[in-house]
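Report on the structure given below.
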Amino acid sequence: MTISVAVSGASGYAGGEVLRILAGHPDVTIGAITAHSNAGSRLGELQPHLHGLASRILEDTTVENLSGHDVVFLALPHGASAAIAAQLPAGTVVIDAGADHRLEDAAAWEKFYGSPHAGTWPYGLPELPGQREALRGAKRIAVPGCYPTSALLALTPGFSNHLLQADDVVIVSASGTSGAGKAAKVNLIGAEVMGSMSPYGVGGGHRHTPEIEQGLSKALNAPVTVSFTPTLAPMSRGILTTATAKVRPGVTEEELRHAWTEAYDDEPFVHLLPEGRWPATKSVQGSNHAVMQLALDAHTGRVIVTCAIDNLTKGTAGGAVQSMNIALGLAETAGLELQGVAP
Ligand SMILES: NC(=O)C1=CN([C@@H]2O[C@H](COP(=O)(O)OP(=O)(O)OC[C@H]3O[C@@H](n4cnc5c(N)ncnc54)[C@H](OP(=O)(O)O)[C@@H]3O)[C@@H](O)[C@H]2O)C=CC1
Ligand SMILES: CC(=O)N[C@@H](CCC(=O)OP(=O)(O)O)C(=O)O
């Protein structure tokens with residue numbers, strides 16, 4: 001079976017990463033590739049690493065150009081995907097890398113994104129409880145944000161097994177600058193970023209806070225509140241998330257390790273590392289894997305979980321392709337046999 005796929009936002013980081021993965025996918029042919037200001041350009045000028053697709057021309061991102069494919073990936077700025085998605089045929093699998101369809105709470109959407117809520121689609125993080133089943137046969141998929149991917153993978157086993165307290169969750173993440181997209185911004189230029197680290201969105205203001213709270217609250221089946229601080233790190237890609245929460249009285253490190261092992265032992269892309277080894281972003285760079293480690297800090301009664309992903313792969317395009325594979329009944333790992341890189 002060959003699946004025809006269109007990729008919008010193909011000049012950007014997320015769309016480019018979708019193409020990098022699809023170029024090696026055994027069941028896919030790449031149809032239309034579209035952009036906005038770069039429509040009309042050769043892909044090779046904008047994504048020089050995609051050698052096999054270099055001569056392809058970017059078309060305008062229109063419903064007409066995206067129609068007629070089995071699957072459409074939307075890798076567009078927030079707010080741009082909902083209008084296009086609404087006009088694509090109901091039978092097409094539409095996978096939105098943007099935030100438009102992630103949140104269930106319309107008020108939270110309006111507060112953090114400042115526009116009307118477009119609705120909620122099945123969430124493309126199959127490792128969450130029940131989520132793989134929800135993605136089977138899905139025609140619309142919301143790809144999680146990159147920070148929520150790492151944070152939810154880090155803490156979900158603790159909440160779904162009722163091992164953690166819900167009101168004192170602290171998450172600090174460091175991200176490579178590609179997480180901010182390809183458009184030129186002064187805070188992302190080399191002189192600002194190289195050899196320097198700085199937080200942003202401090203004090204509950206980051207739009208991924210409600211997305212993380214939504215996921216953890218579902219895992220616990222009760223409200224979870226989160227303090228989330230993102231940090232810009234001097235690297236091009238990768239996320240290292242450190243998530244901590246108070247454990248419930250009497251919970252031991254052995255119980256914690258057992259819960260995380262049970263959750264991820266059979267997962268092809270999520271790994272609790274052997275005891276004593278801690279995650280590094282480089283070991284997952286360019287791959288769809290997430291690696292994590294945990295410890296119980298007996299002094300404060302907190303579990304510390306550190307999780308590394310590649311923001312563009314497991315955090316966006318890899319997760320998107322993994323979800324597509326599940327939705328279409330393909331092998332879940334198809335096209336995703338990508339390894340990390342050595343230091
Ligand atoms: N970067 C990351 O780590 C992650 C990104 N995402 C999401 O993926 C989406 C794309 O992000 P990213 O690739 O980083 O961003 P980029 O800025 O790198 O790319 C944006 C893409 O959208 C196109 N575009 C810009 N404006 C419009 C418009 N008005 N209508 C249609 N297309 C438009 C651009 O085309 P052109 O270049 O031709 O102007 C470009 O192809 C976002 O929603 C983001 O939240 C999700 C998880 C992680
Ligand atoms: C470094 C950086 O700027 N990161 C982005 C998150 C990127 C991402 O995953 O999320 P979305 O899909 O929700 O855009 C940010 O903080 O907004």
Side-chain angles (χ1 to χ4, degrees), residues 102-105 108 120-136 138 141-173 208-228 239 241-273 275 279 288-297 300-309 314-315 319 322-323 326 332:
R102 294 177 193 155
L103 294 183
E104 294 176 4
D105 180 349
T120 315
W121 291 356
Y123 196 63
L125 194 50
E127 294 84 2
L128 300 186
Q131 212 48 40
R132 186 167 274 115
E133 292 67 33
L135 290 168
R136 289 204 175 101
I141 294 168
V143 180
C146 48
Y147 290 123
T149 296
S150 61
L152 294 175
L153 291 176
L155 285 180
T156 291
F159 284 106
S160 59
N161 289 286
H162 298 268
L163 299 172
L164 307 179
Q165 297 184 25
D167 59 351
D168 187 5
V169 181
V170 178
I171 300 171
V172 178
S173 298
H208 285 169
T209 301
E211 193 180 330
I212 297 168
E213 287 184 340
Q214 172 178 291
L216 295 181
S217 301
K218 280 189 173 195
L220 183 64
N221 201 20
V224 175
T225 49
V226 168
S227 166
F228 171 59
I239 284 182
T241 284
T242 301
T244 89
K246 280 213 162 205
V247 300
R248 288 185 188 265
V251 169
T252 63
E253 182 157 330
E254 199 181 4
E255 282 174 89
L256 293 167
R257 185 160 289 281
H258 179 72
W260 264 256
T261 303
E262 286 283 297
Y264 296 134
D265 236 14
D266 294 334
E267 288 296 341
F269 296 119
V270 181
H271 316 283
L272 178 64
L273 293 173
E275 267 181 84
N288 195 48
H289 294 274
V291 290
M292 66 182 77
Q293 185 55 280
L294 65 82
L296 176 61
D297 176 356
T300 58
R302 302 185 75 88
V303 66
I304 320 290
V305 190
T306 301
C307 176
I309 61 166
K314 182 58 177 162
Q322 186 184 350
S323 296
I326 295 168
E332 186 170 331

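Only this structure's heavy atoms are used, side chains among them; waters, hydrogens and symmetry mates stay out.
- What you find for Pro122 and Ala138 is that their closest heavy atoms are CG-CB, 4.3 Å.
- Screening Asp297, Leu296, Val303 for a side chain to side chain contact (heavy atoms under 4.5 Å, CB included) involving Glu253 leaves a single residue, Leu296.
- A donor-acceptor distance shorter than 3.5 angstrom exists from the side chain of Glu213 to the backbone of Val226, with no hydrogens or angles considered.
- Between Glu255 and Arg248, none of the side-chain N atoms (NZ, or NE/NH1/NH2) sits under 4.0 Å from a carboxylate O, so this pair counts as no salt bridge.
- For the pair Val305 and Thr241, the minimum side-chain heavy-atom distance is 4.5 Å or more.
- Expressed to the nearest 0.5 Å, how far CG of Asn161 lies from CD of Glu262 amounts to 8.5 Å.
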Checklist line | side-chain contact (heavy atoms from CB on, under 4.5 Å) assessment of Gln322 paired with Leu135 | finding: CA-CA 10 Å; Gln322 186 184 350; Leu135 290 168; over 6 Å; no

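- Distance alone, capped at 3.5 Å, places no donor-acceptor pair between the Gln131 side chain and the Leu125 backbone.
- A donor-acceptor pair is defined here as one N or O able to donate and one able to accept, closer than 3.5 Å; such a pair exists between the side chain of Tyr264 and the backbone of Leu153.
- Panel note: side chain Trp260, backbone Ala154; a donor-acceptor pair is recorded below 3.5 Å.
- Under the 3.5 Å distance criterion, the side-chain polar atoms of Arg136 are left unmatched by any main-chain donor or acceptor of Ile326.
- Here Thr244 contributes atom OG1 and Asp168 contributes atom CG; the two are 7.0 Å apart, rounded to the nearest 0.5 Å.
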Next item on the list: Determine, stepwise, if the pair Met292 / Thr306 fulfils side-chain contact (heavy atoms from CB on, under 4.5 Å).
Entry: CA-CA 5 Å; Met292 66 182 77; Thr306 301; over 6 Å; no

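- Under 3.5 Å, the side chains of Glu211 and Tyr123 contain a donor-acceptor pair of N or O atoms.
- The backbone N or O of Phe269 sits nowhere less than 3.5 Å from a side-chain atom of Glu127 that would complete a donor-acceptor pair.
- Counting non-hydrogen atoms of other residues, nucleotides and ligands closer than 6.0 Å to CG of Asn221 gives a total of 12 or fewer.
- At least one donor-acceptor pair under 3.5 Å links the side chain of Thr120 to the backbone N or O of Leu103.
- When atom types are taken as modelled, the side chain of Ser150 and the backbone of Ala308 share no donor-acceptor pair closer than 3.5 angstrom.
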